[in-house]
Amino acid sequence: MTLLDVQDLNVRFSTGEGIIHASRDVSFSLDTGEVLGLVGETGSGKSIIGQAVIRLLPSTAEITGDISFDGKNLNTLSEAAMHSLRGSSISLIPQNPSGALDPVARNGDQISEIVTGRFKKRSDIVNRVHVLLSSVGLVPSVRIADEFPHQLSGGMRQRLTTSIAITENPRLIIADEPTKGLDFRAREMTATVLADIQKQNQSSLLLITHDLDLAEQLCARIAVVYAGEIVEISPVSRIFAEPRHPYTRALIQAIPKNGLIPIPGQSPSLLDLPEGCSFADRCEYCADICRLTHPEFVYGTMNGGVRCHHPFSS
Ligand SMILES: Nc1ncnc2c1ncn2[C@@H]1O[C@H](COP(=O)(O)OP(=O)(O)OP(=O)(O)O)[C@@H](O)[C@H]1O
Ligand code: NI
């Protein structure tokens, strides 16, 4: 069953230098219990998509398109209704964990603040805090609950924001770069925590990452974002074996285990996008039509599709 459906999402920022097209005709859906990855290079517009879904984009953003969650149109939902949905039904593990934590509140209090309304007895609140901290590997939870965020390592802070995000068992978790800057052990731990939580609660997970190995480990489907657009969506087993878009193939070849082959050139400026295909300048298969006409997203079999004039055959 579809839990989240995003149709033709466009996000623009008007700046002194011109219009930044941060999100362009982005469409995808996410089933209940499904894990979908949004992958792509830095600045491609991944976080913008996550922030649009939870309606936390800055007020300067001009947004069009339809986002529905559990049958509700989020565009027309009042701010009060959206506020009550955040945390309880949709939660965001933000890209910058420090910014999301209250530096002067003890770690345990950051969670108990959220659960207080649900429990009458103080001991039940304390219990819930310890269960949550332990579930993300923040042990011994008694000591950690008593400490402050600055006493934690980056990886532990990331896990604290994860535990806050799952406090109310949300149906949709948006995890924005949950392993960025973590060492191997912390990265594995976070991956396990996310996979466990998602399975236990049958929640849906929108995993935003530039770590393709992590996406392969956790996702059922992957959407590849390039210059604000989705250029390919495919089931995980297929996208690594048979990428259809030249950019997807290049991204896969750029992973360390696949030879670390860099992608030549740079993605276009979101202020000055080409008329044709956004990837044309960097594509070894670029033909005349690729410079002239912007490719449409063509849906294929297996719940996916590709935006390319000459995709590799399936
Ligand atoms: N508030 C804003 N005002 C103007 N431009 C913005 C704003 N927020 C984001 N952008 C621009 O939108 C584009 C997409 O940003 P976004 O943060 O979604 O990229 P990303 O794919 O998440 O990158 P990263 O991997 O570095 O996190 C960038 O070019 C960014 O500069
Ligand atoms: Ni980002």
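Remember, it's 1-based here, ligands and their atoms both numbered in the order they're listed. For the numbers below, each heavy atom of this structure counts, side chains included, while hydrogens, waters and symmetry mates do not.
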Peer 1: Report yes or no: is the cationic atom of Arg282 (NZ for Lys, CZ for Arg) under 6.0 Å from the centre of the six-membered ring of Tyr247, at an angle within 45° of the ring normal?
Peer 2: no
Peer 1: Could you tell me whether ligand 1 has any atom less than 4.0 Å away from a heavy atom of Gly40?
Peer 2: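 No heavy atom of Gly40 comes that close to ligand 1.
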Peer 1: In terms of hydrophobic clusters joined by side-chain contacts under 4.5 Å, are Ile63 and Leu56 together?
Peer 2: yes
Peer 1: Taking distance alone, with no angle check, do Gln95 and ligand 1 share an N/O pair under 3.5 Å?
Peer 2: yes
Peer 1: More than 12 non-hydrogen atoms from neighbouring residues, nucleotides or ligands closer than 6.0 Å to CD on Glu147, yes or no?
Peer 2: yes
Peer 1: Near Gln266 CD, under 6.0 Å, is it more than 12 heavy atoms from other residues, nucleotides or ligands?
Peer 2: no
Peer 1: Thr60 to ligand 1: N or O pair under 3.5 Å?
Peer 2: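 Among all N and O atoms of Thr60, none is under 3.5 Å from an N or O of ligand 1.
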Peer 1: Between Val306, Ile233, Val231, which is the residue that forms a side-chain contact (heavy atoms from CB on, under 4.5 Å) with Val224?
Peer 2: Val231
Peer 1: Please list the nearest protein heavy atom to atom 9 (C) of ligand 1 with its residue and the distance rounded to 0.1 Å.
Peer 2: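 Ranked first by proximity to atom 9 (C) of ligand 1 is Ile48 CD1, 3.6 Å.
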Peer 1: Are any non-hydrogen protein atoms located under 4.0 Å from atom 31 (O) of ligand 1?
Peer 2: no
Peer 1: Heavy-atom contacts under 4.0 Å between Pro58 and ligand 1: side chain, backbone, both, or neither?
Peer 2: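 Side chain only.
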Peer 1: What is the nearest protein non-hydrogen atom to atom 25 (O) of ligand 1, stated with its residue, atom name and distance?
Peer 2: Lys46 NZ, 2.8 Å
Peer 1: Please state which option from Ser59, Ser267, Gly228, Gly43 has its nearest heavy atom closest to atom 23 (O) of ligand 1.
Peer 2: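 Closest candidate by heavy-atom distance is Gly43.
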Peer 1: So, regarding Ser44 and ligand 1 (criterion: nitrogen or oxygen to nitrogen or oxygen, under 3.5 Å), is there a contact or not?
Peer 2: yes
Peer 1: Decide whether Ser88 and Glu168 meet the rule of one side-chain donor and one side-chain acceptor closer than 3.5 Å.
Peer 2: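 On atom types as modelled, these side chains do not qualify, holding no pair under 3.5 Å.
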Peer 1: Could you tell me if His309 and Glu296 have a donor-acceptor pair between their side chains, going purely by distance under 3.5 Å?
Peer 2: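 Per modelled atom types, Glu296 and His309 side chains form no pair under 3.5 Å.
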Peer 1: In terms of side-chain heavy atoms, does Arg221 have a donor or acceptor partner in Ser234 at a distance below 3.5 Å?
Peer 2: no
Peer 1: Identify, for atom 17 (O) of ligand 1, the protein heavy atom at the shortest distance, and state residue, atom and that distance.
Peer 2: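 Protein heavy atom with the smallest distance to atom 17 (O) of ligand 1: Ser47 CB, 3.7 Å.
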Peer 1: For ligand 1, is any non-hydrogen atom under 4.0 Å from Leu270's backbone (N, CA, C, O), its side chain (CB onward), both, or neither?
Peer 2: side chain
Peer 1: May I ask whether Gln51 has any heavy atom positioned less than 4.0 angstrom from an atom of ligand 1?
Peer 2: no
Peer 1: Do any N/O atoms on Gly45 end up under 3.5 angstrom from N/O atoms on ligand 1?
Peer 2: yes
Peer 1: Nearest to atom 12 (O) of ligand 1, what protein heavy atom do you find, and at what distance?
Peer 2: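 The closest one turns out to be Ala22 CB, 3.5 Å.
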Peer 1: With a 4.0 Å heavy-atom cut-off (strictly under), which part of Thr42 contacts ligand 1: side chain, backbone, both or neither?
Peer 2: both
Peer 1: Between ligand 1 and Thr15, is the shortest N or O to N or O distance under 3.5 Å?
Peer 2: no
Peer 1: Under 4.0 Å, heavy-atom basis, I'd like to know which part of Glu41 is in contact with ligand 1: side chain, backbone, both or neither.
Peer 2: backbone
Peer 1: Using 2.8 Å as a strict upper limit, say whether an N, O or S atom of Ser47 approaches the Ni ion (ligand 2) that closely.
Peer 2: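 Of the N, O and S atoms in Ser47, at least one lies under 2.8 Å from the Ni ion (ligand 2), which means yes.
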